[in-house]
Enquirer: 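This is the structure I want to talk about, given as structure tokens.
Hydrogens, waters and symmetry mates play no part in the numbers below; they use all other heavy atoms, side chains included. Every chain is numbered from 1 and lettered A, B, ... according to where its sequence line falls, protein lines coming before strand lines.
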Amino acid sequence: MVFILIDIEQKISYDVTMENKNINFFVVIPVYNEEKYISRIIQDVKKITNNIVVVDDGSEDNTYFLAKNEMSDNTVILRHKINLGKGAALKTGCEAAIKMGVEAMVLMDGDGQHSSDDILGITNKLMNNDLDIVFGVREMNKKMPFYRLLGNNLLARFAKLLSGVDVGDILCGFRALTGEAYRKINWQSSGYSVETEMIMVVGKHKLKYGTIPIKTIYNDKYKGMTPIDGIKIFIDLIKFKLL
Amino acid sequence: MILGVQILVIGFCFFMAYLSFLHFKREEFSGPQILFWEIIWAGLVFITLFPRTVNVLIQELGIARAMDLFMILGFMFLTILTFYNYTVVNKLRKKLEKIARDDALKDM
């Protein structure tokens, strides 16, 4: 009975925190040449929280200036002078968030593929279930380009075999993790392999993980990962297993 | 009598020796570096002109022809070079990433 009461109390305290949006988390958005979507993404996220770190990864278009226009309290815009890759941009964003003393971070793609409506869901799942990391899982339907569907499926099975982590969608960039989990994962990948490296390290360190279904918007089917990136990720999975 | 393939290799060595010298004159190679590369190219010219000098080595290693030895050494050299380049690029990538990140976070 005592245990049940404690559990209820804890849950209530979390729920209240979430309702007030007071949980100490930052949304980290890496962007590269995303002038079409960046303003909308920041505005959408601001409806949920002002705690945003945008990392412009050496864009050649107006992404950085458009992001700057959306600046407000607690919104940080950082810029890499040169393009380093998604993994490196995420790391810069997370380092900034850690410097600001956050408990958790939500990682979101900068191409408008993820909906800000899922932010509270993923942070809720992370905190209420006392997890280290939560992976967003996209709906695998006809909207997803065929080669991505096939590649994602094969890579997810292979990753499960090597790491024991059953995520179902290893390439989805929408994730939430605690500051402690970030330090433990400490990814080295600077490019798209960052997502797979995270999964392999989660398996290696036996971190507590969960998944949550999320909405996916496909704005541009030619942007993002190519089949060559898929092959590289396949090789990386083996590399991460061996290291 | 000098074979066509020998002329080709000697020509290649002279070209590479000149290229190495050019890098030295542009101060991209240090004294020991130019010395190392010129010795390599001179050695290759010598072996090309007098292939029988490696006969002892060929017999010792159980290789049939001098050409086979050069092929094996060539592949070994390329593998070492590829590995070396990989480690150097990796180191540079990490340094570059650190510089860019520190620069992005400098005002925080």
Side-chain angles (χ1 to χ4, degrees), chain A residues 26 28-32 51-60 63-64 67-68 71 73-102 105 110 182 186-194 197 232 235-236 239-240 243, chain B residues 12 15-16 18-37 40 44 61-63 67-108:
Chain A
F26 258 80
V28 177
I29 311 170
V31 284
Y32 176 61
N51 296 352
I52 308 169
V53 182
V54 176
V55 184
D56 172 39
D57 191 25
S59 294
E60 288 137 26
T63 304
Y64 177 72
K68 274 235 152 188
M71 254 184 95
D73 289 346
N74 280 357
T75 305
V76 180
I77 318 286
L78 302 172
R79 187 183 207 182
H80 284 168
K81 277 187 176 162
I82 47 164
N83 178 245
L84 295 174
K86 187 183 175 183
L90 277 176
K91 201 167 186 173
T92 302
C94 289
E95 288 292 331
I98 292 281
K99 275 191 175 188
M100 288 182 278
V102 299
M105 288 154 281
Y182 166 73
N186 187 28
W187 60 83
Q188 299 301 311
S189 305
S190 53
Y192 281 120
S193 356
V194 59
E197 186 182 350
K232 273 161 78 178
I235 296 164
D236 282 336
K239 188 179 89 184
F240 297 136
L243 291 176
Chain B
F12 170 74
F15 175 70
M16 290 310 290
Y18 173 68
L19 218 60
S20 306
F21 179 70
L22 219 59
H23 280 285
F24 173 66
K25 288 309 262 182
R26 286 178 188 173
E27 295 178 0
E28 289 160 4
F29 276 0
S30 63
Q33 277 176 325
I34 182 71
L35 194 70
F36 169 79
W37 283 110
I40 294 279
L44 211 57
L61 295 172
I63 298 168
M67 191 66 184
D68 294 343
L69 177 72
F70 296 143
M71 292 292 275
I72 291 165
L73 289 177
F75 274 116
M76 279 170 71
F77 179 72
L78 284 178
T79 310
I80 291 165
L81 203 67
T82 307
F83 180 74
Y84 176 73
N85 283 339
Y86 171 78
T87 53
V88 168
V89 168
N90 219 19
K91 256 188 223 169
L92 287 175
R93 186 181 63 79
K94 284 197 171 158
K95 277 182 193 168
L96 206 61
E97 193 178 318
K98 193 180 177 311
I99 292 167
R101 178 165 301 121
D102 289 348
D103 178 68
L105 295 170
K106 70 175 184 284
D107 295 327
M108 289 203 67

Enquirer: With a 6.0 Å cut-off (strictly less than), is the heavy-atom count around CE of B/Met67, excluding the residue itself, greater than 12?
Expert: no
Enquirer: From B/Ile99 CD1 over to A/Ile82 CD1, what is the distance, rounded to the nearest 0.5 angstrom?
Expert: 8.0 Å
Enquirer: Taking atom types as modelled, which donor-acceptor pairs link chain B and chain A at under 3.5 angstrom?
Expert:
| unit_1 | atom_1 | unit_2 | atom_2 | d |
| --- | --- | --- | --- | --- |
| B/Arg93 | NH1 | A/Ser190 | OG | 3.0 |
| B/Arg101 | NE | A/Thr92 | OG1 | 2.9 |
| B/Arg101 | NH2 | A/Ala88 | O | 2.9 |

Enquirer: Heavy-atom count check: over 12 atoms from other residues, nucleotides or ligands less than 6.0 Å from A/Met71 CE?
Expert: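 More than 12 within 6.0 Å, yes.
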Enquirer: For B/Phe21, is the CZ atom crowded, meaning more than 12 foreign heavy atoms sit under 6.0 Å from it?
Expert: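 Not buried by this count: 12 neighbours or fewer within 6.0 Å.
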Enquirer: Below 4.5 Å from any heavy atom of chain B, which atoms of A/Val55 appear? Answer side chain, backbone, both or neither.
Expert: neither
